[in-house]
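Predicted model, so just to flag it, every value in this text is computed and none were measured. We name chains A, B, ... by the order of the sequence lines, and we start the count at 1 in each one.
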Amino acid sequence: MTIALVDCNSFYCSVETSFQPWLRDRPVCVSSSNDGCVVARNDHAKKIGIKMSQPVFELRHLVEQNKLILFSSNYELYQSLSNRVMAILESQAPRSFCYSIDESFCALDGIADPLGWAQETQAMIKQRLGLDVGVGISNTATLAKLANWAAKKWKAQTGCVVDLRDPVRRDRLLNYAPVNEVWGIGRRLTEHLGGLGINTAWQLASADPKFLRRHFNVNVERTARELLGVACIDISDTGTGRKQMIISSRSFGQRITTLEPLLEAVASFVSIAAAKLRLQGSLANCIQVFARASPFASGQPYSASRIIALPAPTDDTRDLLSAAVGGLRDLYRPGVEFAKAGIVLSQFSQRGAITGDLFAPAPRRNSDALMAVMDSINARQGRGSIRLARDTATGPWKMHRQFLTPPYTTSWDALPKARC
DNA sequence: TCTGGGGTCCTAGGACCC
DNA sequence: TCTGGGGTCCTAGGACCC
């Protein structure tokens, strides 16, 4: 099978500059929520030494001197552009599987000229959305990722498209590529592998699979086999489909020491997660609530969580919230400067596929209808238009987003005006 | 002053079964 | 001295991804 991995270059930065193209030749970064650290950089920013995950406070002087353009993450905008990229790929590829906000695996069944397909698709995305994509082509997902890495590394020579199906080319790249560039090999595994004398992708590929299985796990073994062209990862398993857990959490705009704003923040997280839960048609059997002080602060470190088994599977925001509130009251400690909190929904049942519990409390009347009305109003009028009283939508826990751009594609008022 | 958010998978080890 | 063998299920923690 021929697999193409299509991946947007510096996605968040490219989206921002596609609406402000006069910034394309300047160093541009996008920060995480709360403007905490760097999550995306364009090539110019990389060139002046901006590191991934670098704390934003270290870059303030560059921003003030106008040497660096910084944007707060505008996640709604990125998601909306991502949807458009994915729609193009769906129309172009026989099968495509969205893997993350900015990349997709495409199965090129029956495409006679994959390289030509890649160049055509690349041009189409550039023309319609103003975004640059890189394409890696090979026979396995892991090799397609590595081909994509090569395409970006040698952008000028490759036109950001690399076809790695030929074993001679493949082995040449495997010899060159450091093992940490292989998909699935992170920092810890790189250290561990290095200790065993495995430093390049080629050394990993040619290691004895039994040896890898013994020293690591089945994933490392699979990765090594994939590098030699033996498909072990099914790309149709990636991406879409129901989540097995739903997390909503945030670092706060300010430290919180009292219980009330903490409860309000958690109410907001529960509302967000419950809406996602209903959207995928699941019911949660378990909710976890956690809160912690900043691990970087000088004060007493504190981190706690409570896991609450729900009496019956539910997607009602009120039931989920009352469980979370109980857990939060239990873990709250006066005097702790809380920096972050969140909730995790898990152990899902499928709606309509549940055996009732004779001893469970009677379900709330009209719960489904009420939740459906809330969801439809919020879908039409914007998130938080209608909400539980505890979810105040404002408070000291709200994110800082000092450098936020307008929602260009999701609000009529913010449609970009002609300027160039 | 200041350090993201949201996911997945695997394994070891404990509890428990006969 | 010495304490079975084989199995399932669950969970915490660690690793990875973007």
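- Between B:dG5 and A:S251, a contact under 4.0 Å exists linking OP1 or OP2 to a side-chain N or O.
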Result block: side-chain N/O donor-acceptor pairs under 3.5 angstrom for residues 308-315 of chain A, not counting sequence neighbours:
{"unit_1": "A:T314", "atom_1": "OG1", "unit_2": "A:D316", "atom_2": "N", "d": "2.9"}
{"unit_1": "A:T314", "atom_1": "OG1", "unit_2": "A:D319", "atom_2": "OD2", "d": "3.3"}
{"unit_1": "A:D315", "atom_1": "OD1", "unit_2": "A:R351", "atom_2": "NH2", "d": "3.4"}
{"unit_1": "A:D315", "atom_1": "OD2", "unit_2": "A:R351", "atom_2": "NH2", "d": "2.8"}

What does the list of N/O pairs under 3.5 Å between the protein and nucleotides 6-12 of chain B look like, with a distance for each?
{"unit_1": "B:dG6", "atom_1": "OP1", "unit_2": "A:R250", "atom_2": "NH1", "d": "2.9"}
{"unit_1": "B:dG6", "atom_1": "OP2", "unit_2": "A:S249", "atom_2": "N", "d": "2.6"}
{"unit_1": "B:dG6", "atom_1": "OP2", "unit_2": "A:S249", "atom_2": "O", "d": "3.0"}
{"unit_1": "B:dG6", "atom_1": "OP2", "unit_2": "A:S249", "atom_2": "OG", "d": "2.9"}
{"unit_1": "B:dG7", "atom_1": "OP2", "unit_2": "A:I247", "atom_2": "N", "d": "2.6"}
{"unit_1": "B:dT8", "atom_1": "OP1", "unit_2": "A:Q244", "atom_2": "N", "d": "3.0"}
{"unit_1": "B:dC9", "atom_1": "OP2", "unit_2": "A:Q244", "atom_2": "NE2", "d": "3.0"}
{"unit_1": "B:dC10", "atom_1": "OP1", "unit_2": "A:R222", "atom_2": "NH1", "d": "3.2"}
{"unit_1": "B:dT11", "atom_1": "OP1", "unit_2": "A:V218", "atom_2": "N", "d": "3.4"}

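- Among the protein residues, A:Q54 comes within range of no part of the nucleic acid, since none of its heavy atoms lies under 4.0 Å from any strand.
- Counting only heavy atoms from C-beta on, A:S100 has its side chain closest to C:dC18 among C:dA15, C:dC18, B:dT3.
- Note: A:Y99 and A:F105 meet the aromatic proximity criterion, with ring centroids under 6.0 Å apart.
- Remark: A:E260 engages A:R390 in a salt bridge (charged side-chain N to carboxylate O under 4.0 Å, His left out) (not counting sequence neighbours).
- The side chain of A:K145 contributes no N or O atom lying less than 4.0 Å from OP1 or OP2 of C:dC17.
- The separation between A:M86 atom CE and C:dC18 atom P is 13 Å, rounded to whole Å.
- Look at A:R255 and you'll find a side-chain N or O under 4.0 angstrom from OP1 or OP2 of B:dC2.
- What separates CZ of A:F252 from P of B:dG4 is a distance of 13 Å, to the nearest Å.
- Side-chain nitrogen and oxygen atoms of A:K340 include at least one within less than 4.0 Å of the OP1 or OP2 phosphate oxygen of B:dG5.
- Rounded to whole angstrom, the span from the CD atom of A:Q254 across to the P atom of B:dT3 amounts to 12 Å.
- Note on A:S33: a side-chain N or O is less than 4.0 Å away from OP1 or OP2 of B:dG5.
- Residue A:N34 is classed as having no contact, given no heavy-atom separation below 4.0 Å to the nucleic acid.
- The distance from atom CG of A:D35 to atom P of B:dG5 is 12 Å, rounded to the nearest whole Å.
- Distance A:F71 CZ to B:dG4 C1': 19 Å, rounded to the nearest Å.
- Scanning all heavy atoms of the two residues, the minimum distance from A:W117 to A:A4 falls at CZ3-CB, 3.9 Å.
- In summary, the side chains of A:E226 and A:T223 do not present any donor paired with an acceptor at a separation below 3.5 Å, with no hydrogens or angles considered.
- Every residue was checked against the ring-ring contact (aromatic ring centres under 6.0 Å, His included) condition with A:Y75, not counting sequence neighbours, and none meets it.
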Worksheet item: For DNA chain B, what string of dots and brackets results from 5' to 3' when Watson-Crick and G-U pairs need both distances under 3.5 Å, crossing pairs get [ ], and pairs with another strand get |?
Response: ....||||||||||||||
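- For the 3.5 Å distance criterion, the side chains of A:N285 and A:S349 qualify, holding a donor opposite an acceptor.
- B:dC2 atom P lies 16 Å from atom CG of A:L59, rounded to whole Å.
- Atom P of C:dC18 sits at a distance of 25 Å from the matching atom of B:dT3, rounded to the whole Å.
- Rounding to whole angstrom units, NE2 of residue A:H215 and C1' of C:dA15 are separated by 17 Å.
- Stacking is found between A:F296 and the pyrimidine-like six-membered ring of the B:dT3 base under the 5.5 Å centre-distance and 30° plane-angle cut-offs.
- Looking at residues two or more places apart in sequence or on another chain, you find no salt bridge (charged side-chain N to carboxylate O under 4.0 Å, His left out) involving A:R222.
- One atom, CD of A:Q402, and another, P of B:dT3, lie 14 Å apart when rounded to the nearest Å.
- Counting heavy atoms of neighbouring residues, nucleotides and ligands inside a 6.0 Å radius, atom NZ of A:K67 does not exceed 12 of them.
- Residue A:R187 is in sugar-phosphate contact alone, with no base atom involved, counting any heavy-atom pair closer than 4.0 Å across all strands shown.
- Aromatic rings of A:F19 and A:Y408 (six-membered ring for Trp) have centroids within the 6.0 Å cut-off, being under it.
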